[in-house]
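Computed from a prediction, not measured in an experiment: that's the story for all the values here. Each chain gets a letter, A, B and so on, in the order its sequence line appears, and its residues count up from 1. In what follows, every heavy atom counts, from backbone to side chain, and hydrogens, waters and symmetry copies are set aside.
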Protein chains: 2
Amino acid sequence: MKADQIIRALSALAQEHRLAAYRLLVQAGESGIPAGALAEQLDVPPSSMSFHLAQLANAGLVTQRRESRSIIYSADYAAMNGVMGYLTENCCGGVPCGDSTACLPDPQRKSA
Amino acid sequence: MKADQIIRALSALAQEHRLAAYRLLVQAGESGIPAGALAEQLDVPPSSMSFHLAQLANAGLVTQRRESRSIIYSADYAAMNGVMGYLTENCCGGVPCGDSTACLPDPQRKSA
DNA sequence: TCTATATTTCGATAATTGTCGAAGTATTGG
DNA sequence: CCAATACTTCGACAATTATCGAAATATAGA
């Protein structure tokens, strides 16, 4: 994963509403949350929420799927793990350290 | 750790030069790297580097100490772990998942 | 097809962030 | 005390990002 991609992900998370939205999505798991519900819960106008969700999607941190009239967003755990892996890379001068950030969607987790 | 603090940390890392500097510091470990050396390695003017290092310090991601005429910066591993913990919190809808991001300075790591 | 719902795109404006030279502040050695 | 070194702070300007109403797009149901 290259630096530019990581920076986009970090920028995406470095904003009040997006960080809050992302965390809700992370906790919601695979079922995800529709854009409108996120806007309501975070008390942000729909157009603003849409802007923020687009940033998260562009960063690869969330995926979207249409379901009837709603667009459901869900967190992409692999992307999050990628970012954290990048930050911890060579974290102790090359010496291996308890560096095993792994997080998979609820239903189908690997046996870590 | 509260959201505002996390946002400052993520903002600090979400910038080309700061991400690069931070990674150098992470790899350098406790000995750290003087401001000037970072500026030179990253090909950034001293005043710009200073600005960026101040951001990282303000976010609590790095610490600084004076050593003669130089100011040595080093990564604060605990802060990094705090940020990652925040991101993975309740990451699978409350179900525990391989969520053990830990990273300690080279010389004195815990037996994880 | 017409209307209501759900969301996005557009566009204009406000706010924040990045850049870097010049000047200022520590520290050391002569 | 003076000059050199290592950094930081200041200040001005450029660039990017956030906000949100209005208009556009997609879907579903009557």
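OP1 or OP2 of D:dT27 sits under 4.0 Å from a side-chain N or O of A:Arg66. Regarding contacts with the backbone of D:dC7, a side-chain N or O of B:Ser70 is found under 4.0 angstrom from either OP1 or OP2. Taking side-chain N and O atoms only, A:Ser47 has no distance below 4.0 Å to OP1 or OP2 of D:dC20. At D:dT17, none of the side-chain N or O atoms of A:His52 fall inside 4.0 Å of OP1 or OP2 (strictly under the cut-off). Phosphate contact (OP1/OP2 of C:dG29, side-chain N/O of B:Arg69, threshold under 4.0 Å): absent. For the pair A:Gln55 and D:dA18, the criterion of a side-chain N or O lying under 4.0 Å from OP1 or OP2 is met. Between A:Tyr73 and C:dT8 there is a side-chain polar atom (N or O) within less than 4.0 angstrom of OP1 or OP2. Between B:Gln15 and C:dT19, a side-chain N or O to OP1/OP2 separation shorter than 4.0 Å is present.
For the pair A:Glu67 and A:Ala14, both in contact range of DNA chain D, the more 5′-proximal nearest nucleotide belongs to A:Ala14.
Within the 4.0 angstrom heavy-atom criterion, base atoms lie near B:Pro46.
Spacing between atom CG of A:Asp43 and atom C1' of D:dT19 amounts to 14 Å, rounded to whole angstrom units. Atom-to-atom, CD1 of A:Ile71 to P of D:dT25 comes out at 15 Å; the value is rounded to the nearest Å. Between the CD atom of A:Glu40 and the P atom of D:dC20 there is a distance of 16 Å, given to the nearest Å. Whole-Å rounding puts the B:Ile72 CD1 to D:dT5 P distance at 18 Å. Look at CE on B:Met49: it is 10 Å from P on C:dT19, rounded to the nearest Å. Whole-Å rounding puts the B:Arg18 CZ to C:dT16 C1' distance at 12 Å. A straight line from CD of B:Glu16 to P of D:dA15 spans 16 Å, rounded to a whole angstrom. Rounded to an integer number of Å, the gap from B:Gln64 CD to D:dC7 P is 12 Å.
For A:Arg18 against A:Leu56, the heavy-atom pair with the smallest separation is O-CD1, 4.0 Å. The minimum heavy-atom distance linking B:Tyr77 with B:Val26 is given by the pair OH-O, 2.7 Å.
The closest side-chain heavy-atom distance from B:Asp76 to B:Leu61 is not below 4.5 Å.
The side chain of A:Ser48 sits closest to D:dC20 out of C:dT8, D:dC20, D:dT8. Side-chain proximity of A:Ala35 to D:dT8, C:dG18, C:dT8: nearest is C:dT8. Distance from the side chain of A:Ser68 is smallest for D:dT27 among the nucleotides D:dC20, C:dG18, D:dT27.
When atom types are taken as modelled, the side chain of A:Glu67 and the backbone of A:Ser70 share no donor-acceptor pair closer than 3.5 angstrom.
Surrounding CD of B:Glu40 are at most 12 heavy atoms belonging to other residues, nucleotides or ligands under 6.0 Å away.
Cation-pi check for B:Arg23 over A:Tyr86 is met; the charged atom lies under 6.0 angstrom from the ring centroid and within 45 degrees of its normal.
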